[in-house]
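See below for the structure under consideration.
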Amino acid sequence: MAEEQGKAGKGINTGKLATNMQKRLSRAQEKVLQKLGKADETKDTVFEESVANFNKQMVEGTKLQRDLRAYLAAVKTMHDASKRLQDCLADMYEPDWFGKEEVDAIAEETDILWSDYHDKLVDNSMVSMDTYLAQFPDVKARIAKRDRKLTDFDSARHHFASLQKGKKPDQAKIAKPMSIVEKAAPGWAQGILSAHQIAQTNLTRNQAEEELGRAQKVFEEINIELQDELPQLWNSRVGFYVNTFQSMAGYQERFHKDMGKLNQDLNDVMTKLEEQRLAKVVTHSETFALLGWLCLRCLAKKLKMLSHLVSVSYKNQTSIPEYPISSGAWLVVVSWTQEVGHYIRWCLLFFQVKAMHDYAATDGDELELKAGDVVLVLAWDNPDEQDDGWLMGVKESHWLENKNLLVKGVFPENFTQKL
């Protein structure tokens with residue numbers, strides 16, 4: 001029983017294979033005849049235009065998918081590079097520096113922001129892109145199938161037309177045998193043979209007509225489906241492109257906005273750190289200079305004579321110049337005063353001025369003055385940068401309150417008067 005079923009299945013497969021081979025041979029023969037111009041080919045210019053649009057759309061979509069994958073790879077690379085850079089900053093940022101916790105938090109938020117941006121691109125834009133392109137292989141296969149069925153239809157059409165226009169098959173060949181039969185056979189047998197030949201001819205024509213009907217039906221079914229589907233697919237590309245790039249633009253806008261805020265926060269921390277560094281540097285130079293000057297000024301006012309308290313060396317001289325001393329004059333102070341409560345070793349003396357008019361600062365490095373403000377005049381960090389008629393200084397009120405020079409600035413000398 002099993003052997004019989006196996007033989008039957010084998011017979012079916014062999015028959016199907018033979019049928020497929022016969023179809024391929026018939027299609028190849030039809031194509032050759034069409035190329036040689038011996039058989040006409042069914043043409044549909046509208047459908048051919050739709051196929052050309054389909055191929056163009058598929059090529060553009062494939063390129064867009066490839067470029068989008070490359071963009072995602074670049075985002076991933078930038079994420080990794082940013083993380084390494086932030087980790088490097090966090091590792092070398094010393095605990096006593098300003099904003100250590102803020103720097104660590106910025107590094108963590110930056111990493112999260114990159115990850116979220118990449119994930120949104122993958123989950124939305126990339127998935128939509130893959131879904132959009134997934135429909136093209138099936139449509140492409142059905143277009144190829146439609147071409148094969150069109151060839152089958154043309155072949156069946158030509159075969160049926162040849163039977164319709166041509167003579168009855170083998171009519172010339174059976175003429176002589178029929179005459180012999182007529183001589184050898186009785187009259188009634190001659191009628192039977194003629195009827196048999198007519199039946200065979202009619203059977204061949206009917207089979208060709210049925211084959212033509214089946215081929216036409218199969219072709220028209222798939223042709224109608226594609227004629228409706230291809231224009232819709234072609235028009236859908238606009239909406240897909242709009243949705244894809246709108247979503248990407250939205251993700252990029254939010255990403256760069258949030259990243260810009262984190263960068264501003266990091267910039268603020270770095271600015272504070274620089275101010276912290278400058279505050280420490282100032283205490284080793286100008287801070288001690290102003291302390292010394294204020295101490296000497298206080299003592300001079302109380303005791304009338306600065307020479308009774310300190311021993312001074314001024315440019316190889318043994319006497320104290322008349323007050324005030326110009327900027328840049330160095331004094332060595334070797335005295336202990338209980339009133340000040342500390343020992344001043346080296347200091348730089350400056351003079352004071354008083355603002356006679358209001359001055360509104362017009363630049364970031366200028367000092368804004370109100371009439372009556374007392375300003376402690378400082379030396380320029382770089383004398384080459386000093387402009388004629390301009391002084392560098394800090395308000396005495398700020399110095400007495402904060403003991404730093406972070407708000408020093410330049411101001412016009414003609415708005416002030418020396419004290």
Side-chain angles (χ1 to χ4, degrees), residues 52-141 143 230 232-278 364:
N53 290 337
F54 169 81
N55 292 329
K56 180 176 183 292
Q57 184 179 3
M58 183 170 60
V59 170
E60 291 176 347
T62 303
K63 183 179 183 300
L64 177 58
Q65 183 188 48
R66 183 173 61 251
D67 293 341
L68 184 57
R69 290 187 186 279
Y71 179 79
L72 287 173
V75 171
K76 180 63 176 174
T77 301
M78 280 296 299
H79 178 198
D80 295 339
S82 174
K83 189 175 188 306
R84 289 194 296 270
L85 185 62
Q86 293 290 341
D87 291 343
C88 179
L89 176 61
D91 291 341
M92 67 184 184
Y93 210 90
E94 299 181 6
D96 59 333
W97 290 0
F98 176 86
K100 170 62 177 174
E101 295 181 356
E102 287 83 348
V103 169
D104 293 340
I106 290 172
E108 182 178 356
E109 291 177 10
T110 300
D111 180 54
I112 294 174
L113 193 59
W114 274 109
S115 297
D116 183 64
Y117 178 50
H118 182 269
D119 292 344
K120 284 182 178 178
L121 289 176
V122 172
D123 295 340
N124 293 278
S125 300
M126 199 67 243
V127 171
S128 298
M129 186 77 246
D130 293 341
T131 303
Y132 172 73
L133 284 182
Q135 58 189 330
F136 285 87
D138 175 67
V139 177
K140 183 179 180 181
I143 291 175
L230 288 178
Q232 293 177 4
L233 182 60
W234 172 249
N235 294 331
S236 69
R237 75 195 191 285
V238 178
F240 172 75
Y241 295 155
V242 169
N243 292 335
T244 299
F245 285 96
Q246 269 189 344
S247 61
M248 287 187 63
Y251 300 146
Q252 288 179 344
E253 181 183 10
R254 287 190 291 272
F255 169 76
H256 290 300
K257 180 179 179 180
D258 295 340
M259 186 62 72
K261 184 178 183 302
L262 290 178
N263 289 334
Q264 183 60 51
D265 293 342
L266 181 59
N267 181 67
D268 293 341
V269 172
M270 295 296 105
T271 301
K272 294 292 185 180
L273 179 61
E274 176 66 8
E275 292 177 355
Q276 184 186 57
R277 184 190 69 84
L278 289 176

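Numbers here simply count residues along the sequence, with the first being 1.
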Enter the distance from Glu108:CD to Asp87:CG here, rounded to the nearest 0.5 Å. 11.0 Å
Met78 atom CE, neighbour heavy-atom count above 12 within 6.0 Å: no
Heavy-atom distance under 4.5 Å between the side chains of Met58 and Asn55, does that happen here? yes
Results of salt bridge (charged side-chain N to carboxylate O under 4.0 Å, His left out) for Lys140 - residues two or more places apart only: none
What pairs with Tyr132 under side chain to side chain donor-acceptor pair (under 3.5 Å), at least two apart in sequence or on another chain? Gln57
Are the side chains of Ser128 and Asn243 in contact, using a 4.5 Å heavy-atom criterion? no
Identify, with sequence neighbours excluded, every residue that meets salt bridge (charged side-chain N to carboxylate O under 4.0 Å, His left out) alongside Glu60. Lys56
To the nearest 0.5 angstrom, please state how far the CE atom of Met270 sits from the CD atom of Glu275. 12.5 Å
Between Tyr93 (side chain) and Glu101 (backbone), is there a donor-acceptor pair under 3.5 Å? no
Approximate separation, where rounding is to 0.5 Å, of Met126 CE and Thr131 OG1: 9.5 Å
Using 0.5 Å steps for rounding, measure from the CG atom of Asp67 to the CE atom of Met129. 10.0 Å
CG/Asp138 to CD1/Ile143 distance, rounded to the nearest 0.5 angstrom? 10.0 Å
Closest heavy-atom pair, Ala134 versus Pro137, reported as atoms and distance to 0.1 Å, is O-CD, 3.3 Å
Please evaluate residues Tyr251 and Asn124 with respect to the criterion side chain to side chain contact (heavy atoms under 4.5 Å, CB included), reporting the C-alpha separation (whole Å), side-chain torsions for both, the decisive distance (0.1 Å), and the verdict. CA-CA 10 Å; Tyr251 300 146; Asn124 293 278; 3.1 Å; yes
Got a donor-acceptor contact below 3.5 angstrom from the Lys100 side chain to the Ala90 backbone? yes
Residues at least two apart in sequence or cross-chain that pass side chain to side chain donor-acceptor pair (under 3.5 Å) with Glu274, listed by chain then number, are Arg277
Just checking Phe245: does its CZ atom have more than 12 heavy atoms from other residues, nucleotides or ligands closer to it than 6.0 angstrom? no
Would you tabulate the side-chain donor-acceptor contacts of residues 110-122 under 3.5 Å, counting partners in other chains and residues two or more places apart, or write 'none'?
{"from": "Thr110", "atom 1": "OG1", "to": "Ile106", "atom 2": "O", "distance (Å)": "2.7"}
{"from": "Asp111", "atom 1": "OD1", "to": "His79", "atom 2": "NE2", "distance (Å)": "2.6"}
{"from": "Trp114", "atom 1": "NE1", "to": "Ser82", "atom 2": "OG", "distance (Å)": "3.3"}
{"from": "Ser115", "atom 1": "OG", "to": "Asp111", "atom 2": "O", "distance (Å)": "3.1"}
{"from": "Asp116", "atom 1": "OD2", "to": "Lys120", "atom 2": "NZ", "distance (Å)": "3.4"}
{"from": "Tyr117", "atom 1": "OH", "to": "Tyr71", "atom 2": "OH", "distance (Å)": "2.6"}

Arg69/Asp130 under salt bridge (Lys or Arg N to Asp or Glu O under 4.0 Å): CA gap, chis, key distance, verdict: CA-CA 11 Å; Arg69 290 187 186 279; Asp130 293 341; 3.2 Å; yes
All N/O donor-acceptor pairs, side-chain side in residues 253-266, below 3.5 Å, sequence neighbours left out:
{"from": "Asn263", "atom 1": "ND2", "to": "Met259", "atom 2": "O", "distance (Å)": "3.2"}
{"from": "Gln264", "atom 1": "NE2", "to": "Asp268", "atom 2": "OD1", "distance (Å)": "2.9"}

Trp97 side chain reached by Val103 side chain, heavy atoms, under 4.5 Å: no
